[in-house]
Number of protein chains: 4
Amino acid sequence: MNVQFTDKIDNIFKSTLHLIKDNGFHGTPMSQIAKHADVAIGTIYHYFPSKDELILALFEYCRKELYAHIFQHVNQEMDYKEQFYSVFKSFCTFHIHQREYSCFFEQFYNSPYNEIIRQKEFLEGPYGQNTFMKFILRGIQENHFKPLDEKIICSAYIGAAISYAKTVVYGKIDFSEKELTDLIDIIWTGIKNND
Amino acid sequence: MNVQFTDKIDNIFKSTLHLIKDNGFHGTPMSQIAKHADVAIGTIYHYFPSKDELILALFEYCRKELYAHIFQHVNQEMDYKEQFYSVFKSFCTFHIHQREYSCFFEQFYNSPYNEIIRQKEFLEGPYGQNTFMKFILRGIQENHFKPLDEKIICSAYIGAAISYAKTVVYGKIDFSEKELTDLIDIIWTGIKNND
Amino acid sequence: MNVQFTDKIDNIFKSTLHLIKDNGFHGTPMSQIAKHADVAIGTIYHYFPSKDELILALFEYCRKELYAHIFQHVNQEMDYKEQFYSVFKSFCTFHIHQREYSCFFEQFYNSPYNEIIRQKEFLEGPYGQNTFMKFILRGIQENHFKPLDEKIICSAYIGAAISYAKTVVYGKIDFSEKELTDLIDIIWTGIKNND
Amino acid sequence: MNVQFTDKIDNIFKSTLHLIKDNGFHGTPMSQIAKHADVAIGTIYHYFPSKDELILALFEYCRKELYAHIFQHVNQEMDYKEQFYSVFKSFCTFHIHQREYSCFFEQFYNSPYNEIIRQKEFLEGPYGQNTFMKFILRGIQENHFKPLDEKIICSAYIGAAISYAKTVVYGKIDFSEKELTDLIDIIWTGIKNND
DNA sequence: AATGAATGAGGTTTCATTCAT
DNA sequence: CATGAATGAAACCTCATTCAT
């Protein structure tokens, strides 16, 4: 389906995100989405052939929003390390403040849907749409890191960011610019090329 | 009920883990669990008042298994850094090889169930049962780390480990002792006290 | 939902009454109602959120039918005593011939559901919808009775009517216009004002 | 089964009555009865072959209690009218104060179980165990009443009593010796022989 | 006599999906 | 395009009953 961004579709997406945040993936029936989005249930089926397809389309939508967000402060005048820090911080703040998106991501990645996306990406070749991975690869090419596999770098980087965001969201610690910097320092110190 | 580990309960737990791994949380009906565990559906309800309670009890069971696993190679003759590395590696291998457990954890933590556990732990006070957190606190007391909040250290440590395990499991990289060591090196380098 | 009397809802009501008469309240599963009313089980749940709500809505429906029936022969040209007798006879014949209604009423009043209705009426104030009670109150105002509490009059009137109807229905006696008149005579003689 | 009144059986009966009062007939599972009576569920099945048989046995037990109660103040020195009033009052107070019994009776009579009892009584001939009915028949033989069928008299008498008891129990009126006398006056006035 | 773990048929309810308007 | 009444497979759960101890 070629998603035209009508208001209705936008409402459906927003409502779905909102309800999934509160009630979880399978606690959100189509009927409830329809009611919350103020459209008829048939209307959802007019745009999306099934609930699965709705979820998948929503995932693509959310991923685009995420990428737009994490690179928003990056510009050509920053050196790589500055960009590396900026992206990390944006990544964290996105997951902390855009809870509807991050809840959706978390549930999505840990569900059978994820398998579908993985197979799709496998066909598209490595890192097709994945702007973030390309950013890491550039760091490798420009020799900013120790000789580490890009996926190891990602593990440390994304793992730490998500783990931190969860810690803040669950109220175990308050958000603090200083601690966020501590954390990205840990990663940068651990992977940066000391040559 | 005071959960005595009868064979039946054990079967129910094992079957639930197995089915959740393949079909996801809500793709695993009670009827299927009963069939796979070779008990009547009423038997499950004899021990657990609802599916939710089964999931919650299973979580406690899995957490105990995890803690038993990650400290299995730790002994008093190792220094703290060795223990730190041992626990990390055990944590990773657990999540890589005990897929039934790790799939369950991932789904659990990213679901409304998690909220229930969090509220329970909130009442029990900080780190009640959490052997791992106590291990990190010991590292702080023994001055092995930079002055960082224990939760920041955890974010980096656990985040990286889980992220690595996922990368291996999803076939993006093969498991390699060397890369695992690279990763824990990143964390250790990032947090260790250089005094 | 604002109950519009669609054919489907009417079918559901009629089928429920019919089945409850034969099989009792809890011997009438929703599946059977659906089959008998020739609708899908989901259709019932489309109109009524639960079996309990169906029962409650059915009660309101039946009560309206009852009131319509017992006043059907009453008109302005009859004096109060004639109306009193007419209502009593209609009340008896309704309970004798409309067995589906009276079986439902009996089960309803002697079940936990009754408590729900009672609390609802308590909020609505005295005799809100109760056309029959208003008829008795008129008799008091017009001085037809001894100085008795209206509820005592009701106890005698309704108690006798229902008890008679049961006696007929259970075959212990045949319906007879004469005996019915004997019975209402007992009540009228007992309560009428002899001034 | 020859019911020996062991403590256990008594507990089972009492618990069943208590639970039926609060939760209704079908809201009282055997498991709950067992728990409340502090016996094993198997023990109930040791004494009663099924839930139905338990209910039926309980009915016989309750009926005996009722008859014992309503004639408790009757003695040979009272004339018939006095006995008639005494039984009526006892009948009312039983239904008002022994709520567990009366709730059970009401549910029982308005359920498919009643049919079983009716067929049993049909075989035993008219009024086999029915001490109350025999009391009314005596009134007829002794010429205290107008020429009315005994069942009509019963309708008026029992109907009024139960209806009054319900009115009190449901809090619509407070119990009052005077109003109770008013009510039995209505009945007596209505049926007594004026010759 | 007494126990209670175990059973599974059958109940209530949910919800993705269809289709006539 | 948009609607929402209608569907029914399949989910969760209950509970009367059995039987080995």
Side-chain angles (χ1 to χ4, degrees), chain A residues 4 6 8-9 12 26-35 37-55, chain B residues 1 4 6-9 12 26-35 37-54, chain C residues 1 4 6-9 12 26-35 37-55, chain D residues 4 6-9 12 26-35 37-55:
Chain A
Q4 298 292 328
T6 67
K8 280 192 197 301
I9 289 179
I12 292 166
H26 114 248
T28 303
M30 294 294 263
S31 56
Q32 214 177 116
I33 296 172
K35 198 176 291 171
D38 201 30
V39 297
I41 201 163
T43 305
I44 302 181
Y45 280 91
H46 181 74
Y47 289 109
F48 307 98
S50 70
K51 190 179 184 182
D52 282 3
E53 293 292 331
L54 166 60
I55 301 289
Chain B
M1 189 208 53
Q4 300 290 331
T6 65
D7 281 356
K8 281 193 196 297
I9 290 179
I12 292 167
H26 111 253
T28 302
M30 294 296 260
S31 56
Q32 217 176 110
I33 296 172
K35 197 175 293 173
D38 200 29
V39 298
I41 200 163
T43 304
I44 303 180
Y45 282 93
H46 182 73
Y47 290 106
F48 308 98
S50 69
K51 190 178 182 182
D52 282 4
E53 294 290 335
L54 167 61
Chain C
M1 189 209 52
Q4 299 290 330
T6 65
D7 281 355
K8 281 193 196 298
I9 289 179
I12 292 167
H26 110 253
T28 302
M30 295 295 262
S31 56
Q32 217 177 113
I33 296 172
K35 197 175 294 173
D38 200 29
V39 298
I41 199 163
T43 304
I44 303 180
Y45 281 91
H46 182 73
Y47 289 107
F48 308 98
S50 68
K51 190 177 182 181
D52 282 4
E53 293 290 334
L54 167 61
I55 301 289
Chain D
Q4 299 293 327
T6 68
D7 280 356
K8 281 193 197 298
I9 289 179
I12 292 166
H26 114 248
T28 302
M30 294 294 263
S31 56
Q32 215 177 114
I33 295 171
K35 198 175 294 172
D38 200 29
V39 297
I41 201 162
T43 305
I44 302 181
Y45 279 91
H46 180 74
Y47 289 108
F48 307 98
S50 70
K51 190 178 183 182
D52 283 3
E53 292 293 331
L54 167 61
I55 300 289

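These numbers come from the heavy atoms of this one structure, side chains and all, not from hydrogens, waters or symmetry mates. Each chain gets a letter, A, B and so on, in the order its sequence line appears, and its residues count up from 1.
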Heavy-atom pair of closest approach, residues D:Pro29 and D:Gly27: CD-O, 3.3 Å

Sugar-phosphate or base contact per nucleotide [nucleotides 14-21 of chain E; S, B, -; heavy atom under 4.0 Å]: BSSBB---

Nearest-0.5 Å distance that lies between atom NZ in D:Lys51 and atom OH in D:Tyr45: 8.0 Å

Value in whole Å for how far the P atom of F:dC13 lies from CG of B:Leu54: 10 Å

Separation of atom CD1 in D:Ile44 from atom C1' in E:dA2, rounded to whole Å: 12 Å

Phosphate contact (F:dC1 OP1 or OP2) by A:His46 side-chain N/O below 4.0 Å: no

With D:Gln32 via side chain to side chain donor-acceptor pair (under 3.5 Å) - residues at least two apart: D:Asn23

Each stem that DNA chain E is part of, given as range with range (3 or more consecutive Watson-Crick or G-U pairs, under 3.5 Å): E:2-21 with F:2-21

Atom-pair distance (CD1 on C:Ile12; C1' on F:dA5), nearest Å: 12 Å

Within-4.5 Å side-chain heavy-atom neighbours: B:Tyr47 and B:Leu54: no

More than 12 heavy atoms of other groups within 6.0 Å of B:Asp38 CG: no

Shortest non-hydrogen contact between D:Ala34 and D:Ala40, atoms and distance: CB-C, 4.1 Å

Euclidean distance, atom OH of residue B:Tyr47 to atom C1' of E:dA6 [Å, nearest integer]: 8 Å

Spatial distance of atom CD1 (C:Ile12) from atom CE (C:Met30) [nearest 0.5 Å]: 8.5 Å

Separation of atom CZ in B:Phe48 from atom P in F:dT14, rounded to whole Å: 15 Å

Nucleotide E:dA6, atom C1' - distance to CG of B:Asp7 in whole Å: 15 Å

side-chain contact (heavy atoms from CB on, under 4.5 Å) assessment of D:Ile9 paired with D:Phe48: CA-CA 10 Å; D:Ile9 289 179; D:Phe48 307 98; 4.2 Å; yes

